Amino acid sequence: MIAKPERVEAALWRNALGNVAAVRGRIFSHYARFARGIARDRFLARRSDNHEIGDVEQLAYEGLLQAIDRFEPLRTIPFRAFARPRILGSISNGLGKYSEAIANAGYRRRTERERLKSLIPASSGEADSALQQLSRLTATLAIGLILEEWRQGEVEQVGTNEPNAYDTLAWKQTELLLRGAIDDLPATEAFIVRQHYLNGVSFRQIAAALDLSTGRVSQLHGRALGRLHGRLEKAG
Amino acid sequence: MKENDMSKLCSDQDLAALVEDIRGDDSGDLDKIDRELRLFPEDPRLHFLRGSTLAGKQRAIEAHQALQKAVELAPDYTLARYQLGFFELTSGEADRALSTWGPLLQLPIGNYLRRFVEGLTHLIRDEFGPAIEQFEAGMALNGDNPPMNHDIGLLLAECRKALGGGAPQNGDDGESATSFLLGQLSPGTTHH
């Protein structure tokens with residue numbers, strides 16, 4: 001009722017004055033949707049180039065991170081106006097550099113590899129049998145798929161009245177439970193889950209936003225999914 | 001303000017003249033305020049005036065800094081403290097606003113600023129009924145700042161709407177309190 005978007009945005013930058021690293025993650029979250037919108041426009045405009053949307057989004061996020069670090073809040077230019085050409089530039093330069101080989105190992109494949117790597121240590125309980133470990137790993141990967149589905153739903157927005165598997169009561173309850181469980185995660189883990197699955201941000205870029213190593217982000221991701229799995233298990 | 005601090009303050013007449021000057025012609029308003037601030041860098045009223053002027057120009061980061069400076073210089077400057085908290089609230093910083101307003105809750109119950117703060121505190125928690133009560137009481141008590149009543153009136157209308165109690169009054173736009181700061185600033189308002 002009271003908050004004014006332009007002031008909320010200004011407050012974000014006010015808190016960044018002198019120490020952008022401390023609030024880079026929050027700022028990144030605030031503008032991730034904006035960067036993704038630019039990526040989608042570019043993707044649609046260059047569809048014939050055979051790139052993956054995920055790759056274009058990663059380049060947009062890279063441009064966003066650069067813009068966050070270079071922006072001078074006290075200059076009167078709005079951040080979006082400042083960032084847009086940088087994001088577009090990052091996309092154009094990045095796509096221009098992609099070789100066929102890199103395109104073949106596109107965002108999706110890299111992401112899946114990263115996730116798996118991050119989950120394996122988290123899933124290896126000491127007393128578990130190999131089968132139990134595999135079962136837990138599968139369940140944890142499935143949580144990732146559910147989370148990713150929310151994002152896909154946002155991307156596609158296909159208008160069909162036909163009920164599907166995702167409309168079942170059980171599925172909706174799982175979703176609800178997961179959303180609540182994410183809210184209860186420690187702040188950094190919740191940030192990683194939201195950015196990675198809901199915004200499609202790679203571990204490397206999340207690491208840059210949070211000033212952490214990629215390995216640490218991978219570790220926290222594994223821990224977060226382990227916690228989510230635990231919550232779902234408890235809920236039965 | 002203590003007696004020995006008086007030399008650090010712009011005179012009431014000069015401040016009144018500056019406010020009038022800015023009100024009549026806002027070109028170069030910040031330059032005019034900054035000129036006075038170079039002479040009286042510790043006058044909280046000048047920082048408050050600067051903050052409200054910057055807020056009107058949508059320079060929110062600097063506006064907050066100036067309002068904060070006014071409160072740092074004069075912690076008992078209740079109007080500045082109220083407006084700083086309101087600015088923070090409109091910036092999505094409810095916790096910070098509550099902390100800024102804290103001392104205003106020590107004011108007598110008959111003080112309209114206290115009532116407004118209590119109303120806003122209820123509003124933050126979506127407690128519309130008690131918010132309405134406090135706003136109404138504050139407006140009845142406020143004889144000093146009619147523009148502030150206008151602002152609170154807008155919030156009151158929103159609260160009533162939220163409670164399903166009818167259309168907002170006046171069909172006004174949601175102009176913020178800070179846009180009226182100039183109108184509220186009068187010499188000697190630091191309430192020391």
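Quick caveat: nothing in here was measured; it's all calculated off a predicted structure. Atoms considered below: every heavy atom in the structure, side chains included; atoms not considered: hydrogens, waters and symmetry mates. So you know, we letter chains A, B, ... as the sequences are listed, proteins then strands, and number each from 1.
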For this session: Evaluate whether atom CZ of A:R26 has more than 12 neighbouring non-hydrogen atoms of other residues, nucleotides or ligands under 6.0 angstrom away.
Result: no
For this session: Under 4.5 Å heavy-atom distance to chain B, tell me which part of A:L12 shows up: side chain, backbone, both or neither.
Result: neither
Exercise. Between B:H64, B:R59, B:E62, which shows the greatest number of heavy-atom pairs under 4.5 Å with chain A?
Worked result: B:H64
Exercise. Can you tell me how far the CZ atom of A:R7 sits from the CG atom of B:L89, to the nearest 0.5 Å?
Worked result: 10.0 Å
Problem set entry | Shortest non-hydrogen separation from A:A10 to B:A60 and the atoms involved | CB-CB, 3.4 Å
For this session: Count the heavy atoms of every other residue, nucleotide or ligand shown that sit under 6.0 Å from CZ of A:R70, and state whether that count exceeds 12.
Result: no
For this session: State the CD-CZ distance between B:Q68 and A:R14, to the nearest 0.5 angstrom.
Result: 7.5 Å
For this session: May I ask you to name which of B:L120, B:L123, B:I124 has the most heavy-atom pairs under 4.5 Å with chain A?
Result: B:L123
Problem set entry | CZ/B:R96: more than 12 non-hydrogen atoms of other groups inside 6.0 Å | yes
For this session: Identify the two heavy atoms, one from A:V8 and one from B:T90, that lie closest to each other, and give their separation to 0.1 Å.
Result: CG2-O, 4.2 Å
